[in-house]
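See below for the structure under consideration.
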Amino acid sequence: MDVHCHLDLYKNTKYVVDECIRRKLYVLSVTTTPSAWEKTHQLANGNKRIKTALGLHPQLADQRKAELIIFDKLFDHTRYIGEIGLDGSKGNKSFWESQMKVFNHILNRCNSSEERKILSIHSKNAAKEVIDTLALYPKAGKVILHWFSGGIIELERAIKSDFWFSINPLMFKSKNGLKIISSIPKEKVLLESDGPFTQINGNSLYPWDTMNCIPKMASIWNYSLREVENQIFKNFQEILN
Ligand code: MN
């Protein structure tokens, strides 16, 4: 599975989609702007394992906030929302107000929806603010924190809030990433590539590269490869329930 990738942003989009279908991968294809949803949805070509999430990336919040109108129009077309969230990194703090406006608008919409949405959330340098904001919308849906990199206090709050975490191969390369991965309850771990932005040795990660996480999880959990696969697939079924 890959519960957070940007299918529309690969150069070789058709190859990636065909390969995902051939490998029978479950893919959550996230978008960074509402106007990208329609075309990204078409990329999946009706394949039932590839779902397209409707999103507005926090780094684009200022530039694209007018697209909230498109977001609202498309809202009922999908159960999946993302990539959304907040980004407290240096260059993005300058339009914090727009980020908050967009994130709150989307969560408010999800919170009053009949359907229980599944949300893929960005929280880079803003874990506390993301968790604080999510707490205001308890019925927004099932939350997946994508590439979580917050501190231990935020991690504990997120675990208490019953959030899921999608982890990617790059997280195993940092000390904080490893600490987070070993602290997440086994039932809450999902896999992501965040491709094509994530790279190892200059090569973009593909959705099937999430499988690189399996042997690493096996040694952290002291599980066999098969046990890790079963556990993570069970988690995936659980979030879809
Ligand atoms: Mn992403």
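Residue indices begin at 1 and follow the sequence shown.
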Any chance [atom1] of [X] has more than 12 other-residue heavy atoms, nucleotides or ligands included, within less than 6.0 Å?
X      : atom1 : value
Lys142 : NZ    : yes
His57  : NE2   : yes
Ile239 : CD1   : yes
Gln199 : CD    : yes

Quick one: does [X]'s side chain have a donor or acceptor within less than 3.5 Å of a partner on [Y]'s backbone?
X      : Y      : result
Thr210 : Glu192 : no
Lys124 : Asp87  : no
Asn45  : Asn47  : no
Lys117 : Thr78  : yes
Glu115 : Asp76  : no
Trp37  : Gly55  : no
Ser174 : Gly177 : yes
Thr31  : Ala53  : yes
Asn176 : Gly151 : no
Asn222 : Ser219 : no

Any chain of hydrophobic side-chain contacts (each under 4.5 Å) joining [X] to [Y]?
X      : Y      : value
Leu225 : Ile181 : yes
Phe165 : Val27  : no
Phe197 : Leu7   : no
Ile144 : Leu25  : no
Leu205 : Ile50  : no

My understanding is that only one of [options] makes a side chain to side chain contact (heavy atoms under 4.5 Å, CB included) with [X]; could you say which?
X      : options               : result
His6   : Pro196, Ser29, Ser193 : Pro196
Ile84  : Thr32, Val130, Leu107 : Leu107
Ile106 : Leu54, Asp72, Ile81   : Ile81

Within the 6.0 Å centroid threshold, strictly below: Tyr10 and Tyr15: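 Ring-ring flag for Tyr10/Tyr15: false, centres at least 6.0 Å apart.
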Under the side-chain contact (heavy atoms from CB on, under 4.5 Å) rule, what do Phe103 and Leu56 come out as? Steps first, then yes or no, please. CA-CA 8 Å; Phe103 192 39; Leu56 206 169; over 6 Å; no
Would you please name every residue forming a side-chain hydrogen bond (donor to acceptor under 3.5 Å, both in side chains) with Gln231, sequence neighbours left out? Asn235
Applying side-chain contact (heavy atoms from CB on, under 4.5 Å) to Pro185 and not counting sequence neighbours gives Ile159, Glu187, Lys188
Non-hydrogen atoms of [X] and [Y] that approach each other most closely:
X      : Y      : answer
Asp8   : Thr13  : O-OG1, 4.2 Å
Phe148 : Ser123 : CD1-OG, 3.8 Å
Asn111 : Pro138 : OD1-N, 3.6 Å
Ile200 : Pro169 : CD1-CB, 4.2 Å
Gly141 : Leu119 : CA-CD1, 3.9 Å
Arg79  : Asn241 : NH2-O, 4.0 Å

Show your working on side chain to side chain donor-acceptor pair (under 3.5 Å) between Asn230 and Tyr223 and close with a plain yes or no. CA-CA 10 Å; Asn230 288 346; Tyr223 269 19; over 6 Å; no
Which pairs, with at least one residue in [range] and sequence neighbours excluded, count as a salt bridge (charged side-chain N to carboxylate O under 4.0 Å, His left out)?
range            : answer
residues 18-35   : Lys14-Asp18, Glu19-Arg22, Glu19-Arg23
residues 211-229 : none
residues 52-62   : Asp62-Lys65

Could you check if a side-chain atom of [X] sits within less than 4.5 angstrom of a side-chain atom of [Y], using non-hydrogen atoms only?
X      : Y      : value
Lys173 : Leu178 : no
Leu60  : Gln63  : yes
Ser35  : Arg64  : yes
Leu134 : Ile121 : yes
Tyr26  : Phe233 : yes
Phe172 : Asn212 : no
Glu38  : Leu74  : yes
Ile118 : Trp164 : no

Any chance you could lay out the side-chain contact (heavy atoms from CB on, under 4.5 Å) test for Val16 and Trp208, step after step, and finish with the verdict? CA-CA 9 Å; Val16 181; Trp208 46 92; 4.2 Å; yes
Go through it in stages, so that I can follow the logic: the residues are Ile214 and Leu191, the test is side-chain contact (heavy atoms from CB on, under 4.5 Å), and I'd like the CA-CA distance, side-chain angles, deciding distance and then a yes or no. CA-CA 9 Å; Ile214 303 284; Leu191 304 179; 4.0 Å; yes
Parallel under 30°, tilted from 30 to 60°, perpendicular over 60°: which one fits the rings of His4 and His146? parallel
Run Asn108 and Tyr137 through side-chain contact (heavy atoms from CB on, under 4.5 Å) and show every step you take. CA-CA 7 Å; Asn108 188 42; Tyr137 305 95; 3.8 Å; yes
If you round to the nearest 0.5 Å, how far is OG of Ser149 from CG of Asn125?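 Result: 6.5 Å between the selected atoms.
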Polar side chain donor-acceptor pair, Asp2 to Tyr206, under 3.5 angstrom: no
Between Glu83 and Ser120, do the side chains contain an N or O donor and an N or O acceptor separated by less than 3.5 Å?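 No, no side-chain donor-acceptor pair sits under 3.5 Å.
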Could you list the residues that satisfy salt bridge (charged side-chain N to carboxylate O under 4.0 Å, His left out) with Asp132, not counting sequence neighbours?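 So Asp132 forms a salt bridge (charged side-chain N to carboxylate O under 4.0 Å, His left out) with Lys128, Arg157.
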